[in-house]
Novice: 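Please read through the structure below; I'll follow up with questions.
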Amino acid sequence: MSDFAQLRALTTKLETAPGEATVSELPVLAYGYVRSDERDIGYVTACADLLEAWCTAAGWRLGVVFRDNGYDSASTTRPGLAGFLDALRLPETAYGLVIDHSHLSDLEDVAGQLVAEVRRTSAVLRVLADDLGSGTAL
């Protein structure tokens with residue numbers, strides 16, 4: 001299945017998923033992160049659009065979707081990732097969002113290291129594919 005087909009499947013699930021209620025007056029603040037091995041602007045943009053739709057459906061504010069286009073899974077030094085982690089350290093940030101774990105890394109040890117880095121911030125990592133019960137990797 002192509003990356004775009006999987007994004008369409010997640011979009012369909014998101015459209016039918018129940019929204020989350022927020023308790024505060026201001027919607028919670030989230031930041032997104034998208035990584036692609038390939039230099040594919042269309043795919044990265046589609047991922048960012050899906051993260052924005054997720055925030056809208058949940059009633060959250062989306063600050064920025066940080067992007068690393070053309071970076072492989074082994075690299076942990078990425079400009080978009082650095083910005084994402086910095087934004088997650090802001091006290092008002094509630095969530096760091098990714099489509100699936102492969103956006104952090106396809107390599108289990110690297111993904112584990114990056115998840116640990118996210119946990120050291122003030123935000124909670126949310127994974128759309130996990131939230132929608134679709135563990136398929138993109």
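Along the sequence shown, the residues carry numbers beginning at 1.
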Novice: Considering only heavy atoms from C-beta outward, does the side chain of Asp68 approach that of Pro79 to under 4.5 Å?
Specialist: yes
Novice: Run the side chain to side chain donor-acceptor pair (under 3.5 Å) test against Asp86 and tell me which residues pass, sequence neighbours left out.
Specialist: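 With sequence neighbours excluded, Asp86 shows a side chain to side chain donor-acceptor pair (under 3.5 Å) to Arg89, given in chain and number order.
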Novice: Are Val127 and Leu50 joined in one hydrophobic group, where the rule is that I, L, V, M, F, W and Y side chains link up if heavy atoms are under 4.5 Å apart?
Specialist: no
Novice: For the CG atom of Leu104 and the CG atom of Leu81, what is their distance to the nearest 0.5 Å?
Specialist: 7.5 Å
Novice: Is it true that Val115 and Ile99 fall in one hydrophobic cluster, defined by side-chain heavy atoms closer than 4.5 Å?
Specialist: no
Novice: Which atom names give the shortest non-hydrogen contact between Gly32 and Leu51, and what distance separates them?
Specialist: CA-CD1, 4.0 Å
Novice: Nearest 0.5 Å, what's the CG-SG distance between Leu97 and Cys47?
Specialist: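 Going from the CG atom of Leu97 to the SG atom of Cys47 covers 12.5 Å.
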Novice: Do Leu125 and Arg119 come close enough that some side-chain heavy atom pair is under 4.5 Å?
Specialist: no
Novice: If hydrophobic clusters are built from ILVMFWY residues whose side chains come within less than 4.5 Å, do Val64 and Leu62 share one?
Specialist: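 Each belongs to a different hydrophobic cluster.
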Novice: What class does the angle between the rings of Tyr43 and His103 fall in, given that below 30° is parallel, 30 to 60° is tilted and above 60° is perpendicular?
Specialist: parallel
Novice: So do Thr93 and Val28 actually touch side chain to side chain, heavy atoms under 4.5 Å?
Specialist: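 Val28 does not reach Thr93 side chain to side chain.
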Novice: What distance separates Ile41 CD1 from Arg67 CZ, expressed to the nearest 0.5 Å?
Specialist: 8.0 Å
Novice: Tell me every residue that passes side chain to side chain contact (heavy atoms under 4.5 Å, CB included) with Ser73, counting only those two or more places apart in sequence or in another chain.
Specialist: Arg35, Asp37, Ser105, Asp106, Leu107
Novice: Hey, is the main chain of Val118 close enough, under 3.5 Å, to the side chain of Thr121 for a donor-acceptor pair?
Specialist: yes
Novice: Say whether Leu128 and Val98 are linked into one hydrophobic cluster, either directly or through other cluster members, by side-chain heavy-atom distances under 4.5 angstrom.
Specialist: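 Looking at the clustering, Val98 is in a separate group from Leu128.
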Novice: Does Leu29 reach the side chain of Tyr95, with side-chain heavy atoms less than 4.5 Å apart?
Specialist: no
Novice: Asp130 side chain to Asp100 main-chain N or O, any donor-acceptor pair under 3.5 Å?
Specialist: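 No, the answer is negative, given that no donor and acceptor are paired below the 3.5 Å cut-off.
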Novice: Taking the side chain as everything from C-beta on, heavy atoms only, tell me whether Tyr31 gets closer than 4.5 Å to Leu90.
Specialist: yes
Novice: So, for Ala123 and Gly96, which heavy atoms are closest and what is the spacing to 0.1 Å?
Specialist: CB-N, 4.1 Å
Novice: Would you please name every residue forming a side chain to side chain contact (heavy atoms under 4.5 Å, CB included) with Glu117, sequence neighbours left out?
Specialist: Leu85, Gln113, Leu114, Arg120
Novice: Judged by atom type as modelled, is there a donor-acceptor pair below 3.5 Å linking the side chain of Ser75 to the main-chain atoms of Tyr71?
Specialist: no
Novice: Checking side chain to side chain contact (heavy atoms under 4.5 Å, CB included) for the pair Glu38/Asn69: CA distance, chi angles, key distance, verdict?
Specialist: CA-CA 7 Å; Glu38 307 287 323; Asn69 196 8; 5.8 Å; no
Novice: Do Tyr33 and Arg78 meet the criterion of a side-chain donor-acceptor pair at a distance under 3.5 Å?
Specialist: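 There is such a pair between these side chains.
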Novice: Would a hydrophobic clustering, with Ile, Leu, Val, Met, Phe, Trp and Tyr connected at side-chain separations under 4.5 Å, put Trp60 with Leu88?
Specialist: no
